[in-house]
Amino acid sequence: MTNPVSRRTLLGTLASTGLVAACTRLDQTAPASVLLDLTDRFTLRMQRLLLAQRPLVRELNIADISAHFPTNGTVAPKGDLYRKLVENEFRDWRLRIDGLVDHPLALSLAQIRTLPSRTQITMHNCDEGWSAIGQWKGVPLARLLDLCRPQMNARYVVFHCLDTQEADGNPYYESIDLLDAVHPQTILAYDMNGSTLPIGHGAPLRLRVELQIGYKNAKYVDRIEVVDRLSAIGKGRGGWWEDFERAPWYAGQ
Ligand SMILES: Nc1nc2c(c(=O)[nH]1)N[C@H]1C(S)=C(S)[C@@H](COP(=O)(O)O)O[C@H]1N2
Ligand SMILES: [Mo]
């Protein structure tokens, strides 16, 4: 049979009309692998479309920096492990990056500081009702992903933190998808307002994912795990707030 409609055109039409489910039904006779292939390509295309519409969030000036930037959630992880790390100014600490990667990494703070950095002044919005403006300097997460080489099936990046939530003792963790992970303003910050990141704000390293609100910006990041699904982490909803407070996983702003 001749097919005048290329897959690309078909997918473009489907994307704009939202007829993917209908397509799946029409395609019932196709082998499952073809369906999966089609679905994957559709997902990729949607991601590209979204990415094209996702500019940088607004960056502000030095004069805009808040005189007082509140701390929220954990303000100092409890326990001997963190206390010893602080005593030694985090010289013994390593950021581990593992999971679905070809090159697992264990990087010292000194090594992280030698990587190309980005500095940005942005507004932080917490859904508990406050905002503050701060300057963040750190390594783009995209750069770390370049180094560890995620595998073909990688889809999410999980941030395991050094603290547990005071309310229930469960470890704090968060996750984002690869699209947000490679956004240019998604960085792992080690400096705030021109000085070393304070303990209250997440030392030695905290995520700044400027596309999303407060709780996604994990402090005290200790380990980054690349995964293909979130169901196996914590209670399976992608973060402490998501698992225990039913907060939405995608907290875009
Ligand atoms: N590890 C960890 N990260 C965390 C939290 C926390 O309790 N533990 N709180 C979150 C919330 S709700 C907010 S608003 C911000 C607060 O960051 P700040 O203390 O630098 O203002 O961190 C987020 N990241
Ligand atoms: Mo928050």
Side-chain angles (χ1 to χ4, degrees), residues 57 59-60 64-83 85-86 90 93-97 109 112 118-138 141 156-176 180-181 185-225 230 233-235 237-253:
V57 307
E59 293 192 15
L60 300 111
D64 301 319
I65 293 174
S66 302
H68 173 64
F69 196 120
T71 50
N72 201 34
T74 303
V75 293
K78 294 202 164 51
D80 280 353
L81 175 73
Y82 190 75
R83 189 178 47 76
L85 291 176
V86 172
F90 298 105
W93 173 83
R94 297 289 179 274
L95 171 68
R96 287 167 293 154
I97 308 180
L109 209 45
I112 293 171
R118 186 175 209 283
T119 302
Q120 58 204 27
I121 300 173
T122 52
M123 186 180 297
H124 174 100
N125 298 303
C126 170
D127 66 349
E128 290 168 51
W130 59 272
S131 298
I133 294 168
Q135 183 193 56
W136 308 98
K137 178 182 180 188
L141 179 54
Y156 304 98
V157 179
V158 181
F159 304 91
H160 297 280
C161 304
L162 285 161
D163 61 320
T164 55
Q165 272 297 90
E166 204 148 288
D168 55 17
N170 284 299
Y172 199 96
Y173 80 99
E174 257 307 336
S175 60
I176 57 177
D180 279 9
Q185 287 169 319
T186 300
I187 67 173
L188 285 154
Y190 42 72
D191 284 349
M192 177 186 188
N193 297 343
S195 306
T196 306
L197 184 67
I199 289 174
H201 292 290
L205 203 64
R206 68 101 44 92
L207 176 67
R208 291 301 310 168
V209 51
E210 307 294 354
L211 297 168
Q212 300 199 46
I213 63 171
Y215 61 89
K216 300 297 289 190
N217 291 263
K219 307 195 281 189
Y220 317 108
V221 173
D222 187 43
R223 177 178 164 228
I224 295 176
E225 187 185 8
L230 297 173
I233 318 275
K235 293 185 88 174
R237 292 171 52 86
W240 183 87
W241 281 95
E242 292 88 331
D243 280 345
F244 296 100
E245 301 291 329
R246 291 259 139 190
W249 176 75
Y250 195 77
Q253 55 178 355

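Whatever order the structure lists them in is the order used to number ligands and atoms, beginning at 1.
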Measure up the Y82 and Y220 rings against each other and bin them: parallel (under 30°), tilted (30 to 60°), perpendicular (over 60°). perpendicular
Would you call the rings of H201 and F69 parallel, tilted or perpendicular if under 30° counts as parallel and over 60° as perpendicular? perpendicular
Exactly one candidate in L207, L197, I121 meets side-chain contact (heavy atoms from CB on, under 4.5 Å) with W136; the answer is L197
Any Lys/Arg nitrogen of K216 or E242 sitting under 4.0 Å from an Asp/Glu carboxylate oxygen of the other? yes
SB check D163 K78 (cutoff 4.0 Å): no
Just the distances, no angles: every ligand 1 N or O to protein N or O pair closer than 3.5 Å, one line each.
| residue | atom | partner | partner atom | Å |
| --- | --- | --- | --- | --- |
| ligand 1 | 1 (N) | D163 | OD1 | 2.7 |
| ligand 1 | 1 (N) | D163 | OD2 | 3.3 |
| ligand 1 | 1 (N) | K219 | O | 3.0 |
| ligand 1 | 3 (N) | K219 | N | 2.9 |
| ligand 1 | 7 (O) | T74 | N | 2.9 |
| ligand 1 | 7 (O) | Q165 | OE1 | 3.1 |
| ligand 1 | 8 (N) | D163 | OD2 | 2.8 |
| ligand 1 | 17 (O) | R206 | NH2 | 3.2 |
| ligand 1 | 19 (O) | N72 | N | 2.9 |
| ligand 1 | 19 (O) | K219 | NZ | 2.5 |
| ligand 1 | 20 (O) | H201 | ND1 | 2.7 |
| ligand 1 | 20 (O) | R206 | NH1 | 3.0 |
| ligand 1 | 21 (O) | P70 | O | 2.8 |
| ligand 1 | 24 (N) | N217 | O | 3.0 |

Verify the distance criterion only: is there a donor paired with an acceptor across the side chains of S175 and W249 at less than 3.5 Å? yes
